[in-house]
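Order of the sequence lines fixes the chain letters, A, B, ..., with proteins taken first and strands second; residue numbering starts at 1 for each chain.
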2 protein chains.
Amino acid sequence: MELDQRKLQILRAVIDEYILSASPVGSKAISRSADMNWSPATIRNEMADLEALGYLAQPHTSAGRIPSDKAYRLYVDQMLRRAELSSSEKTLLNSYYRNRISGIESVLRSTAQALSEITHYTAVVMMPDIAVNRLRHLQLVPLAEGKALSVIVTDAGVARDAVIDIPRDMTPAELETISRTITQRCYNRRMSTVAEILTREISAEMQSRGEFLKTLLSRASESEQYGTGMVELTGARNMLRYPEYSDMDKAKSFLATVEQRDELYRMMKKASDMEFTITIGSENEQEGLQDCSVVTATYRVNDSPFGTFGIIGPTRMDYSRVINVLQGVQQNLGVILQSLLKED
Amino acid sequence: MELDQRKLQILRAVIDEYILSASPVGSKAISRSADMNWSPATIRNEMADLEALGYLAQPHTSAGRIPSDKAYRLYVDQMLRRAELSSSEKTLLNSYYRNRISGIESVLRSTAQALSEITHYTAVVMMPDIAVNRLRHLQLVPLAEGKALSVIVTDAGVARDAVIDIPRDMTPAELETISRTITQRCYNRRMSTVAEILTREISAEMQSRGEFLKTLLSRASESEQYGTGMVELTGARNMLRYPEYSDMDKAKSFLATVEQRDELYRMMKKASDMEFTITIGSENEQEGLQDCSVVTATYRVNDSPFGTFGIIGPTRMDYSRVINVLQGVQQNLGVILQSLLKED
DNA sequence: TTTAGCACTCTTTTTCTTCGAGTGCTAATC
DNA sequence: GATTAGCACTCGAAGAAAAAGAGTGCTAAA
């Protein structure tokens, strides 16, 4: 049995209605909706078919139908109309960036806030992964005997720092020399290759400090060390708006899940080579997101992918609105970051 | 009418019991508790007195009593016994810092997590306010024409950065010179005074760039700019454990309140010149924290106050446990940060 | 001064009933 | 053959009524 035009139309109507109401949709409600010229009885028959095909489910015998994950999948793949953001929404969006443009990360934090407030869902933004960035400057700043702060600045305008151990007899002047040498040698090299270059070229040169440099940069390549793996999450509380989380336990487990930042990071990282991703309910790997859908978008700066952000909401989220907003933010973010990094 | 010994004993018993059970405490329950040698009837009389004095309240006629904020105040001021953390708890605490010692801020983030997981309340940690730190290094890194990243490193091992505008004709070499000059002139000066020093001493010297420097450092002193005002908040979801938040609306409004990071920062900032603070229910300025208590502690590095962290919980939180944990963390944090900044 | 006894109050829990939305099936209709 | 009206049936939600229980304040006795 295939999905003919009428079945699709009905399925769509069920989903649209369920997204709005969050309660099982009956045949009568469907037959009342626009362009639906069949009687409830006919629609009942079709709905029974759709249930047999796995697109609809019935919480109990005498209730209406709710869409399955499979139905949402079909919906987002084939039934979604994209639309531009309205100009008032664009204005709203831009208002979040006022006074907030002191750096990449604060822009991204504001973005997360904007996303969650505009969509009323939970927003997640991945902080830039410096591994793909290029080194602009490395500075070792002595803190105390045996300790220094290592600061890395990349071409993307991102700075990351870590406290490191240094040999006790290392002087500030020597640290400065090392900083300068590394900066020179690795200038504009991808962060992911810096450690390698150092081991190969520089440590030999600076024999006496070879061991130190090795440690320094093996740690530099460990992502943990320089604060990679960070995500900003905002608006988790929004989920409490929706009846699917009126059960306290569900709410708790959702909040517990999203507090696991490293898991979220993994998820976002995986999505980061796609322009857009939509992951519906059980398609999510994470235990606690089985009742959620995650929509992500990747934005670009200078035509190369820079970072990823997204929305987490109940599976019955308003997909088309979410996608429109993400698309709007995607463009916006490109422009704003561009203007932050290039001259105005 | 004064609070005699027996009234105090009864009040204490009521509070202890209410902290445990979260439901109104009756006279019978009290008379059963240890060292309570009076009959329920006697205790009822005393409880009526305590209610008249404003220490207890009755949700409705036929219910037990619950402590008022005034009662908690008395409780924390006069009835609290402090105790050392057990050694197993200390071990647990330390386990949070493993692999997490790459920098001040990541240590503080781990601290927040540890606090919330150990106490089962919400933890908040104020990131160091660099205004009181001393400048160790300033570096201007060119990003693109007209743009640079300004990075500040302080003696506390904290780095902060911001994207800034620079005159178009400024060369990398010139930026380097400026960086070095500022670092030299302001070395070990408090960040709060750096802007002033620059305006006074340096801008005159570098006439042509005077305007730029002024802008640069007026912005440096704006806290916003360099990411001051940040707090880390963890474990907000823990509040859903407690019956006082089984009402969805209460839970929502709590989460909404703590998502206002700047408000939280203000609160913490205010607490930061006290070793410990306990703020109970209506004593809180913030609207959304009227049903909460906030306990904070300030930790020291090198004997000078460094930062503040705290616990937010329901007013009937287990104060003595919370205080013990905070005290434990306070010591711990001092040691860990010390070891991070000084040689091992 | 303390306490046993008791009537009273008010919430919580349970049980039972009613209501209504929605279904699936059958038979009539287009 | 496809569609639809009609109808008996199911099952959860909502409401009402009843019962249970915890705790009180007061009185009078110890």
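- One atom, CD1 of B:I10, and another, P of C:dT2, lie 10 Å apart when rounded to the nearest Å.
- B:R6 places its CZ atom 12 Å from the C1' atom of C:dT3, with the value rounded to the nearest Å.
- Between A:R44 atom CZ and C:dG22 atom P there is a gap of 10 Å when expressed in whole angstrom units.
- Under 3.5 Å, the side chains of B:E275 and B:Q330 contain a donor-acceptor pair of N or O atoms.
- Rounding to the nearest 0.5 angstrom, the gap separating the OG1 atom in B:T296 from the CE atom in B:M268 is 6.0 Å.
- Of all non-hydrogen atoms in B:G235 and B:T122, the two that sit nearest each other are O-OG1, 3.2 Å.
- Computed from coordinates, the A:I43 CD1 to C:dA21 P distance equals 17 Å when rounded to whole Å.
- The CD atom of B:E46 sits 9.5 Å away from atom CG of B:L3, with the distance rounded to the nearest 0.5 Å.
- For the contact set between residues 58-65 of chain A and DNA chain C, defined by any heavy atom under 4.0 Å, the members are A:Q58, A:T61, A:S62, A:A63, A:G64, A:R65.
- Residue A:E263 holds its CD atom at 9.0 Å from OG1 of A:T257, rounded to the nearest 0.5 Å.
- From A:R266, atom CZ reaches atom CZ of A:R261 across 15.5 Å, with rounding to the nearest 0.5 Å.
- For A:R82 and A:F276, the positive end sits near the middle of the six-membered ring, less than 6.0 Å away and at most 45° from its axis.
- Pairs engaging residues 58-81 of chain A under the salt bridge (Lys or Arg N to Asp or Glu O under 4.0 Å) rule: A:E51-A:R65, A:R73-A:D77, A:R73-A:E283 [sequence neighbours left out].
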With a 3.5 Å cut-off and sequence neighbours excluded, list the donor-acceptor pairs that the side chains of residues 237-248 of chain B form with protein atoms.
from	atom 1	to	atom 2	distance (Å)
B:R237	NE	A:E259	OE1	3.2
B:N238	OD1	B:R241	NE	3.2
B:N238	ND2	B:S116	O	3.2
B:N238	ND2	B:Y121	O	2.9
B:R241	NH2	B:H120	ND1	3.2
B:Y242	OH	B:H120	O	2.6
B:E244	OE1	B:R316	NE	3.1
B:E244	OE1	B:R316	NH2	3.1
B:E244	OE2	B:R316	NE	2.8
B:S246	OG	B:P243	O	2.9
B:D247	OD1	B:D249	N	3.3

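- A salt bridge links A:K90 with A:E84: at least one charged nitrogen is closer than 4.0 Å to a carboxylate oxygen.
- For DNA chain D, the span of nucleotides reached by chain A at under 4.0 Å from its heavy atoms goes, 5' to 3', from D:dT3 to D:dG12.
- With rounding to whole Å, A:L50 atom CG is found 17 Å from C:dG22 atom C1'.
- DNA chain D lies under 4.0 Å from at least one heavy atom of each of the following residues of residues 27-39 of chain B: B:S27.
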May I have the list of side-chain donor-acceptor pairs in residues 35-43 of chain A shorter than 3.5 Å, sequence neighbours left out?
from	atom 1	to	atom 2	distance (Å)
A:S39	OG	A:A41	N	3.4
A:S39	OG	A:T42	N	3.4
A:S39	OG	A:T42	OG1	3.3

